[in-house]
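Before any comments, here is the structure.
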Amino acid sequence: MSKNGPLALAFNALVIAFMLAPLVVVCVVAFTPENTLTLPTTEFSLRWFRAVFEHSDFMQSFWNSLWLALASATIATLLAVPAGMAITRYAFPGRDFLNALFLSPLIIPHLVLGVALLRMFALVGGTGSFGFLIFAHALIVTPYTLRLVVAALVGFDRSAEQAALSLGASQATVFRRITLPMILPGVTGGWLLAFINSFDEVTMSIFVTSPSTVTLPVRMYMYATESIDPLMAAVSALMVAVTAVAMIVLDRLYGLDRVLVGGHK
């Protein structure tokens, strides 16, 4: 394998620095003791982090986003696993249509989805319902889970399954003891991507949330339209930290190469 030359390494370093610079700036600004967004700062303070935890609206929105992301990611995974197995293992009329239907939220703008779901919820009397909000988020995050599940199932060696079936194991036992453990990295990665996308979703959520179900990104958007202070930077820094911890834990458990690209540790 040829090694990258100095020019390629310098270019890669510049790209990485360009991508990380906004995150670094936001995280540094979050530690300012000033009342405005100040950089550079003369000293560091946890003042704005304490303000986040003392702000009841932000804490309520955080819990809304957390439970919403957990529920929608789980529902998306429960839908994506059987759908992925059907799409990759069986030939039946409408298979391509089913695949396109599950992946369609990736190409439809979330603004359009938000307006359409708002209208539908108004017609069925579901406006402001947390259950309907979960349905809306599960709709837009299912494609992320499905794509990784399908990637895990493509080229799947079924010899172990066939051996178990020939020895008298039931289909349910084969799935539980053989199939699911072998595709678990893809399922876990899909669940994580669904969780992150649900937690960060703002465009569609603006249309379908109510005052009692406002999510954290929507709360941040509403706050930013009224005030500009380091509180937003502190919330953003906490979200970056939570995401980083989640990725580190996933890497330690399964390895990000296995989860995201299907490699082996």
Side-chain angles (χ1 to χ4, degrees), residues 16-74 76 109-111 113-114 117-118 128 130 132-134 136-138 140-141 144 191-251 256:
I16 294 173
F18 179 78
M19 294 175 62
L20 293 180
L23 297 179
V24 173
V25 170
V26 168
C27 292
V28 172
V29 169
F31 288 93
T32 182
E34 307 295 334
N35 293 325
T36 58
L37 299 172
T38 304
L39 189 72
T41 181
T42 56
E43 58 185 70
F44 293 94
S45 170
L46 298 177
R47 168 190 176 185
W48 294 106
F49 290 98
R50 289 193 298 268
V52 172
F53 291 103
E54 293 172 356
H55 202 298
S56 59
D57 289 340
F58 273 102
M59 293 307 301
Q60 181 60 46
S61 296
F62 167 78
W63 290 114
N64 287 342
S65 289
L66 180 62
W67 297 125
L68 176 61
L70 287 171
S72 60
T74 301
H110 287 191
L111 177 64
L113 281 174
L117 289 171
L118 175 62
F130 194 72
F132 279 91
L133 183 59
I134 292 175
H137 275 239
I140 65 171
V141 301
Y144 299 99
W191 185 92
L192 180 64
L193 288 180
F195 178 89
I196 293 174
N197 279 277
S198 175
F199 195 88
D200 291 340
E201 170 59 34
V202 60
T203 305
M204 184 201 68
S205 297
I206 291 177
F207 291 92
V208 295
T209 56
S210 66
S212 61
T213 60
V214 173
T215 61
L216 184 59
V218 174
R219 179 70 64 187
M220 293 173 65
Y221 173 80
M222 295 167 58
Y223 188 87
T225 60
E226 301 173 356
S227 176
I228 300 179
D229 57 40
L231 185 65
M232 286 295 91
V235 176
S236 301
L238 289 173
M239 294 180 67
V240 170
V242 170
T243 303
V245 169
M247 298 299 286
I248 292 173
V249 170
L250 188 63
D251 182 56
L256 290 179

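Only heavy atoms go into these numbers, but all of them, side chains included; no hydrogens, no water, no symmetry mates.
- Between the side chains of His137 and Ser205, a donor-acceptor pair is found at a separation under 3.5 Å.
- Below 30°, between 30° and 60°, or above 60°: for His55 and Phe58 the angle between ring planes is above 60°, a perpendicular geometry.
- Atoms CG and CZ, from Leu113 and Phe207 in turn, are 10.5 Å apart once rounded to the nearest 0.5 Å.
- With a 4.5 Å cut-off on side-chain heavy atoms, Leu216 and Met239 count as touching.
- Summarising the geometry, atom CZ belonging to Phe62 is positioned 15.0 Å from atom CG belonging to Asp57; distances are rounded to the nearest 0.5 Å.
- Residues Phe195 and Val141 form no side-chain contact, since every pair of their non-hydrogen atoms from C-beta on lies 4.5 Å or further apart.
- Checking side-chain atoms of Thr32 against main-chain N and O of Val29 turns up no donor-acceptor pair under 3.5 Å.
- Counting heavy atoms from C-beta outward, Thr209 and Leu133 have side chains that approach closer than 4.5 Å.
- Not a single donor-acceptor pair under 3.5 Å links the side chain of Thr203 to the backbone N or O of His110.
- The environment of Tyr221 atom OH is sparse: at most 12 non-hydrogen atoms of other residues, nucleotides or ligands sit within 6.0 angstrom.
- In terms of modelled atom types and a separation under 3.5 Å, the side chain of Asp229 and the main chain of Asn35 share no donor-acceptor contact.
- Within the 4.5 Å cutoff, the side chain of Met220 has heavy atoms near those of the Ser236 side chain.
- At least one side-chain heavy atom of Phe49 sits less than 4.5 Å from a side-chain heavy atom of Leu238.
- Distance alone, capped at 3.5 Å, places no donor-acceptor pair between the Trp48 side chain and the Met232 backbone.
- Partner of Arg219 under the side-chain contact (heavy atoms from CB on, under 4.5 Å) criterion, out of Asn64, Val202, Val214: Val214 alone.
- Side-chain contact between Trp67 and Ile134 is absent, with no heavy-atom pair separated by less than 4.5 Å.
- No side-chain donor-acceptor contact under 3.5 Å links Asn197 and Glu201.
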